[in-house]
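Below you'll find the structure I mean.
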Amino acid sequence: MTDSLHNSRIRKWFASSPPVAWGIRQLRELLIGALKQGPIPQHVAFVMDGNRRFARNHHIETVEGHSLGFEALARILEVCYKTGVKVVTIYAFSIENFKRSKREVDALMHMAKVKLEQLSEHGALLDRYGASIRVLGNRDLVKPDVLQAIDKAVSLTAHNKRAILNVCFPYTSRDEIASAVRHTVESYSVPLSSMQSPSKRSFSETHITQHIRQQMLNTVPEDVEPTSRSTSPAESKDLNSANDANSTATSSTAATSVEKDGSITSGRNFLDPETITAETLNDNMLTAGAPPLDLLVRTSGVMRLSDFMLWQAHEKTSIVFLDCMWPEFDLWHFLPVLVEWQWQRKKLQEEDRSWNKTD
Amino acid sequence: MAATGVTSREQIAFRRGNLDGRPLSPKEREQMLKPFLPPEPESTKGSPKAQKQKQQKRSSRLIKHTLHVLIHAVISFIFSVFFRFRRSWRHVKSKVSSYIWHHHRTPEFIQRDVKHLNKLPHHLSVVLDYHEGDDDQGDAGLEGLVKNLREVAAWTASAGIPFLSVYERTGKLKNYIQQTHSAISGELEAFFGPRRKPTLSVRAPHIRSYSPPLTPPSRATSPDPTETKDERQHLTVLLLSAEDGRDTMVDLTKTLSDMAQSGTLRPDQIDTNLIDAELREAVSTDPELLILFSPVVQLKGYPPWQLRLTEIFHVPDNKGVNYQVFLRALCNFAKAEMRVGR
């Protein structure tokens with residue numbers, strides 16, 4: 001395998017001999033330290049593309065290509081965290097990838113499980129990096145044993161605050177956006193009164209409403225139980241008919257079922273949908289709380305986002321397409337990208353400054 | 001892989017998870033990792049001896065820091081020179097190729113350029129910029145924007161692409177749909193001549209399509225048999241702006257919330273298919289090719305949902321709308337193989 005990867009065996013032997021390896025390691029540290037002096041992107045995303053083409057080009061097994069890809073990931077994560085990147089998001093597995101051969105999918109799942117389990121054995125070391133792992137994606141599509149490994153690794157590192165590794169695993173951006181919309185709609189379709197926990201405040205809203213009602217309408221019977229949220233029968237009847245008038249014939253069943261739960265009391269109790277903003281959706285995305293995406297790198301020369309970070313990357317993110325395959329990706333490819341980003345950032349800042357001056 | 005700074009022993013251990021034929025225990029693994037680890041988080045307490053050590057550490061860190069600053073300055077300088085040279089070189093190259101490949105405002109030339117391509121996008125999308133300043137000669141203001149749009153539309157029609165969507169962040173053009181229509185239609189006439197001129201409709205999301213009723217009858221009543229035989233080409237131009245991106249998604253969420261509150265929709269009915277269908281209807285279909293004329297890839301608020309599998313083409317360091325970028329994008333698109341997850 002190594003032969004096909006590199007024509008020159010001697011070169012490889014030389015590069016991996018202990019003194020040379022040590023020297024290179026020092027050089028890497030030096031470069032990383034130097035990079036750190038400039039502005040550093042806070043949030044970097046990688047599309048790890050090209051593992052399979054790399055394997056095909058070098059006549060090795062596809063699975064082998066993926067594990068070489070994992071090595072590249074480890075290398076690049078080291079670079080990122082040492083330079084001070086706060087959040088790294090990687091596209092590990094797309095929902096579309098389930099279309100691949102079962103063998104490959106199984107191997108990838110197995111790899112994820114093994115690596116996560118290994119990771120979980122070194123809790124103390126992970127603390128040194130201060131990185132917490134988060135798995136973004138559709139959990140329903142993952143097998144329970146892999147899910148267990150994920151949960152263990154996630155909970156083990158949850159307390160680390162210095163850096164975050166987002167692993168997008170069964171993920172597509174459309175799925176993410178759709179579920180963000182769904183969650184937003186869900187939170188807006190829950191009546192306000194049930195969202196607030198009454199224990200926090202000493203005043204009960206319902207009690208106050210009761211009081212006001214009693215003052216305003218003398219017709220309201222005095223014996224309504226103060227704890228219940230339900231309105232008087234006459235009112236709910238009104239609401240029922242109003243609802244029926246509003247809803248179409250097919251959906252009226254859904255409406256009445258909600259009614260039976262007693263979760264709808266009146267229209268006023270909902271959050272106003274007009275208060276939904278892009279921020280609301282942002283907070284419901286899987287990357288909620290992360291700084292805005294500064295840099296997105298895709299390897300293997302494909303110039304597509306492929307359903308990755310559509311929502312996050314469509315504004316000010318610098319998107320970089322590189323021609324190298326992911327397993328080859330290393331500091332030497334990443335360094336020019338970072339330096340160019342720093343250069344562009346500086347130019348932007350200068351422009352901003354000159355703009356401000358002219359204004 | 002030659003310069004990772006990892007010895008072969010470590011590499012094997014990493015790949016196989018075992019060393020000298022036996023699996024590694026967690027402890028051994030940690031032992032091997034030691035040299036690669038970042039320093040331990042500092043502890044605040046310490047004896048005098050530890051403080052002295054700390055001082056030594058601090059001075060060594062100072063040396064390291066100055067070294068890092070120095071190297072950073074050197075790297076930044078070298079790359080900055082390199083970037084500037086590269087930019088000039090690319091400008092020269094694009095100027096030269098603009099002489100070799102020129103459309104001469106003739107659709108035949110463009111058709112000849114795209115003839116050998118085995119596939120063309122049905123839906124092409126471009127990002128145009130609205131420049132406020134006067135420093136972009138010829139491209140400034142609304143006029144410059146319309147001029148760019150006119151040209152791109154004419155190239156698109158000449159290449160035989162039926163659908164063009166134009167993204168411009170501010171959405172200024174949306175207020176001038178009629179004027180835009182007449183501008184593009186004038187340019188098409190200049191390219192094709194009055195008889196072969198493709199029919200044109202210009203629209204924007206939530207705004208009715210504008211296509212003067214004059215065009216279709218003239219085709220129907222055309223006395224020339226050759227012209228009726230191969231039907232006249234039609235070009236649709238769709239104007240997009242930043243509000244068709246996130247804001248539309250927010251609008252959709254608001255509507256869905258309204259429906260959920262009135263009980264006409266259950267939240268679990270919301271999925272990608274529903275959103276896709278709605279956005280397709282309201283905004284646009286997914287473009288197959290997106291051409292950026294900017295020097296770097298920055299989407300500047302382009303509608304996110306539609307970008308799923310779009311091929312994003314840009315020429316590094318390019319400045320301004322020109323035909324080479326357009327042609328190279330089409331060539332690049334024809335070569336690219338589409339893989340949907342496979």
Side-chain angles (χ1 to χ4, degrees), chain A residues 11-12 15-16 18 21 24-25 28 30 33-34 37-38 67 75 82 94 96-97 99-100 121-122 125 128-129 174-175 177-178 181-182 184-186 188-189 243 246-248 251 254-255 258 270 273-274 276-278 281 303-307 310-311 314-316 318-319 330 332 339 343-344, chain B residues 1-8 11 14-15 26 29-30 33 37-38 40 64 68-69 71-72 75-76 79-80 83 245-247 249-250 252-254 256-258 260-267 270-272 275 296-302 304-305 307-313 340-342:
Chain A
R11 208 183 88 204
K12 190 174 155 42
S16 61
I24 290 168
R25 205 185 297 156
R28 286 171 72 97
L30 214 59
Q37 305 306 318
S67 56
R75 285 199 301 264
K82 280 185 176 164
S94 158
E96 307 277 353
N97 289 156
K99 286 181 191 165
R100 290 178 179 179
E121 287 168 5
H122 306 286
L125 288 189
R128 273 224 222 170
Y129 282 95
R174 284 196 171 181
D175 188 62
I177 295 173
V181 171
R182 193 187 311 127
T184 312
V185 171
E186 259 165 23
Y188 274 78
S189 58
N243 244 343
N246 278 339
S247 57
T248 57
S251 54
V258 175
F270 288 115
E274 287 307 314
I276 297 176
T277 59
L281 283 177
M303 298 194 278
R304 252 172 277 138
L305 288 178
S306 297
D307 225 335
L310 297 178
W311 178 268
H314 83 116
E315 293 203 306
K316 286 179 182 162
S318 302
I319 301 171
D330 196 5
W332 317 112
V339 175
W343 191 64
Q344 279 168 10
Chain B
M1 213 154 299
T4 49
V6 178
T7 60
S8 56
Q11 207 165 52
F14 185 88
R15 274 185 203 159
R29 276 208 291 266
E30 289 191 9
L33 270 171
L37 287 175
E40 227 160 332
K64 240 185 192 167
H68 285 160
V69 171
I71 295 176
H72 180 249
I75 292 180
S76 309
F79 270 96
S80 146
F83 290 145
R246 286 196 173 186
D247 290 350
M249 198 71 88
V250 171
L252 177 62
T253 316
K254 282 178 186 170
L256 291 173
S257 299
D258 270 336
Q261 288 181 358
S262 65
T264 47
L265 176 127
R266 275 175 290 116
I270 299 168
D271 60 358
T272 47
I275 295 176
V296 290
V297 186
Q298 247 183 24
L299 296 169
K300 294 174 186 160
Y302 193 94
W305 186 268
L307 279 174
R308 186 169 85 111
L309 294 175
T310 305
E311 188 87 25
I312 300 168
F313 186 84
V340 188
R342 277 169 191 264

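All values below come from the heavy atoms of this structure, side chains included, with hydrogens, waters and symmetry mates left out. Proteins get letters first, then strands, A, B, ... in listed order; numbering begins at 1 in each.
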Exercise. Hey, what do you get for NZ (B/Lys254) to OG1 (A/Thr184), rounding to the nearest 0.5 Å?
Worked result: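 The NZ atom of B/Lys254 sits 12.0 Å away from the OG1 atom of A/Thr184.
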Problem set entry | Main-chain N/O of B/Arg308 paired with A/Arg304 side-chain donor or acceptor, under 3.5 Å |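 Here the side-chain-to-backbone pair does not exist.
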Exercise. Between atom CG of B/Leu256 and atom CZ of A/Arg182, what is the distance when rounded to the nearest 0.5 Å?
Worked result: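 Those atoms lie 11.0 Å apart.
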Exercise. How many angstroms lie between atom CD1 of A/Ile177 and atom OG1 of B/Thr253, to the nearest 0.5 angstrom?
Worked result: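 If we round to the nearest 0.5 Å, A/Ile177:CD1 and B/Thr253:OG1 are 10.0 Å apart.
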For this session: Below 4.5 Å from any heavy atom of chain B, which atoms of A/Glu274 appear? Answer side chain, backbone, both or neither.
Result: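 Interface part for A/Glu274: both.
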Problem set entry | Interchain contact, B/Ile312 with chain A, by part (heavy-atom threshold 4.5 Å) | both
Exercise. How far does CD of B/Gln298 sit from CD of A/Glu315, to the nearest 0.5 angstrom?
Worked result: 10.5 Å
Exercise. What heavy-atom pair brings B/Pro267 and A/Glu186 nearest, and what distance separates the two atoms?
Worked result: CB-CG, 3.4 Å
Problem set entry | Shortest non-hydrogen separation from B/Asp258 to A/Pro273 and the atoms involved |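 Nearest heavy atoms, B/Asp258 then A/Pro273: OD1-CG, 3.1 Å.
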For this session: Name the region of B/Val69, side chain, backbone, both or neither, that has any atom closer than 4.5 Å to a heavy atom of chain A.
Result: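 Both backbone and side chain.
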Exercise. Can you find a pair of side-chain heavy atoms, one from A/Leu305 and one from B/Leu299, that are under 4.5 Å apart?
Worked result: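 With C-beta onward as the side chain, the pair touches.
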For this session: Go through the atoms of A/Thr277 and report whether side chain, backbone, both or neither lie under 4.5 Å from a heavy atom of chain B.
Result: backbone
Exercise. Side-chain contact, heavy-atom cut-off 4.5 Å: B/Ile275 with A/Val181?
Worked result: yes
For this session: Check A/Ala278 against B/Arg246 and note the closest heavy-atom contact, atom names and distance.
Result: CB-CD, 4.2 Å
For this session: Locate the shortest heavy-atom distance separating A/Met303 from B/Phe313; write the atom from each residue and the value.
Result: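 Looking at all heavy atoms of both residues, the shortest contact is CE-CD1, 3.8 Å.
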Exercise. Which heavy atom in A/Ala34 sits nearest to a heavy atom in B/Ile71, and how many Å separate them?
Worked result: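 Heavy-atom minimum between the residues: CB-CG2, 3.6 Å.
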For this session: Measure from the ring center of A/Trp343 to the ring center of B/Phe83 and say whether it is less than 6.0 Å.
Result: yes
For this session: Side chain from CB out, backbone as N, CA, C, O: work out which of these in A/Leu281 comes under 4.5 Å of a heavy atom of chain B, or both, or neither.
Result: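 Just its side chain gets close to chain B.
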Seminar exercise, completed: Value for CD (A/Glu96) from CG (B/Leu309), rounded to nearest 0.5 Å, stands at 7.0 Å
